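Because the structure is a prediction, the values reported are computed rather than measured. Chain naming here is simple, since letters A, B, ... match the order of the sequence lines and numbering starts at 1 in each.
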Amino acid sequence: MKLNIYNTISRKKEIFEPINPKHVGMYVCGPTVYGNPHLGHARPAITFDLLFRYLQQLGYKVRYVRNITDVGHLENDADSGEDKIAKKARLEELEPMEIVQYYTESYHNAMSALNVKSPSIEPRASGHIIEQIEMIEKIMENGFAYEVNGSVYFDVEKYSKSFHYGKLSGRIIDDLLANTLDLDGQDEKKNSFDFALWKKASPEHIMRWHSKWSDGFPGWHMECSAMSIKYLGEKFDIHGGGMDLLFPHHECEIAQSAAALGFESVKYWLHNNMITINGQKMGKSLGNFINLEEFFTGSHKLLTQPYSAMTIRFFLLQAHYRSTLDFSNEALQAAEKGLARLMTAYGSVSKLKVSETSTISINLDELNQKCFDAMNDDLNSPILISHLFDAVKTINLIISDNEQINKSDLDKLKSILDTFILDVLGLVPENNSTNEAVLSDVINLMLNLRMEAKAKKDFELSDKIRNELNKIGVEIKDKKDGFDWSLKS
RNA sequence: GGUCUCUUGGCCGAGCGGCUAGGCACCGGUCUGCAAAACCGUCCACUCCGGUUCGAAUCCGGAAGAGACCUCCA
């Protein structure tokens, strides 16, 4: 079975065949860096991290481009629209680039905690203004854009005479016309569904660049078109992002690229579904999002406890990327326990007793194949995980002497788990602050027992505790009213 | 209003016409000085109403409920 992925544009699973054998180009819409990364950001990051890892596992050389949006993204499409980042800057009286720097770092930190691999290239919109302007010029030359008062708009009606506008999202132009009546501030545009390619900046607008039309900034969809083409070529394999970007963002990207190049750039469109909270989308605008940092520390009021980054990752991977996933403490706790069982078993593989013969009831070649089949079926990570739990069962049976395994099977087993748990799912054994806290508690417990022994004048026991701890590497300092300790370095 | 999607057991979540998904929780058992872990086993499903079929959670039609997009959002 070959890799099949669900292509949003055809609305069905298709066999994945890269344009250039062995090489894959993949572009994913990254964050707009004007706020702390939340659980919603983790979903596409982990979904496409999974795809990135799996493509590499299959032997492809992948160039993965994920942008940082640090300009554009108007508050609305009207003249009063202002740059989202500029707005936040004014509120906090910071330079826009200060905001960008801060939240980019915050995003990177969260991603690295989640063990999301860095993309091959992480271009910024602000660093590609020239490319965007050039592309707008091309679109104008081809007659699919018009200028009004220093702003440039995409002419959707004209475009739709030569191309199919709405093919990705299933939207029909006439319907759009009928349903965008109540938006105001559309006076510059020929049609309400036209969208900005270049926007003239108002005098107070901080982020602005020169162009032949005006001092202004690029429209919100331009960056992805310009940067994907720059780094992946005019035709590339995969474009991903959240489902909420399907319209208008991705639809407009298709139109821009086709208007500039004469053909479409993207072969496979992939979209991850949303995370819901009490059945509703978790989103910035709804104010019901939980920051990743809040998950790690448990500081949000909806959280009954902290959840580690790996728990979050596992939680997301236990659901298929195209399904909505509902957040709840119960579900997170279940994920935490399940992950612990998986990783405990994985950690004990290297300590398994090797026997002459294998009596294991599981067929390892079959298991390996099933794991690949699961991933090949549109990245079905929940199924993959269910197969890995079959391996967990086998490991535990060997530990409890109910089954035996020989050297070659053990190697096979280990290799399967390394491949799928570490490389593909990207789960890493956690040895974090929790462990340190436990260690500290354990040592204090030992020393308190020693205090009790001393009080009972059981010096034999108290000395034994001290000497043994010493041997392990714990230095003990007795004090008048208790004790102190440190780890020998 | 338009376009689209979803509705599975106590909870999460697979499933794409016939075969135990899986995880978590619960209950019973084995093991254990006790407990935990582990293992074995039990229980609990497919929103409703029609239809197609030898056979439907799975296909078709209808109803109800929920959600997404149509405006910045992953």
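Side-chain proximity of A:L325 to the nucleotides B:rC12, B:rC70, B:rC39 is greatest for B:rC12. Here the nucleotide nearest the side chain of A:S386, chosen from B:rC24, B:rG22, B:rA14, is B:rG22. Considering only side-chain atoms of A:K13, the nucleotide from B:rG13, B:rG22, B:rC16 that sits closest is B:rC16. Comparing B:rA38, B:rG13, B:rG15 by their nearest atom to the side chain of A:S400 picks out B:rA38. In this structure, of B:rG2, B:rA14, B:rC40, it is B:rG2 that holds the atom nearest to the side chain of A:R171.
Residue A:R341 places at least one side-chain N or O under 4.0 Å from the OP1 or OP2 atom of B:rC39.
Using a 4.0 Å heavy-atom criterion, one finds that A:G40 contacts the bases of the nucleic acid, with or without backbone contacts as well.
Nucleotide B:rC4 holds its P atom 20 Å from the NE2 atom of A:H250, rounded to whole Å. Atom NE2 of A:H320 is separated from atom P of B:rA14 by 8 Å (rounded to the nearest Å). For the pair A:L246 CG and B:rC73 P, the computed distance is 13 Å after rounding to whole Å.
Remark: A:R322 is positioned above the aromatic ring of A:Y6, its terminal NZ or CZ atom under 6.0 angstrom from the ring centre and at most 45 degrees off the axis. A cation-pi arrangement, defined by a distance under 6.0 Å to the six-membered ring centre and an angle within 45 degrees of its axis, is present between A:R171 and A:F247.
Between the side chain of A:K281 and the base of B:rC73 there is at least one donor-acceptor pair of N/O atoms closer than 3.5 Å.
Without hydrogens or angle criteria, A:H164 side chain to A:S160 main chain gives no donor-acceptor distance under 3.5 Å.
Ionic pairing of A:K167 and A:E251 is not present here: no N-O contact between side-chain nitrogen and carboxylate oxygen is shorter than 4.0 angstrom.
Taking the nucleotide of RNA chain B with the nearest heavy atom to each of A:I275 and A:D326, the more 5' of the two is matched to A:D326. Nearest-nucleotide assignment on RNA chain B puts the 5′-proximal partner with A:F315, out of A:F315 and A:T276.
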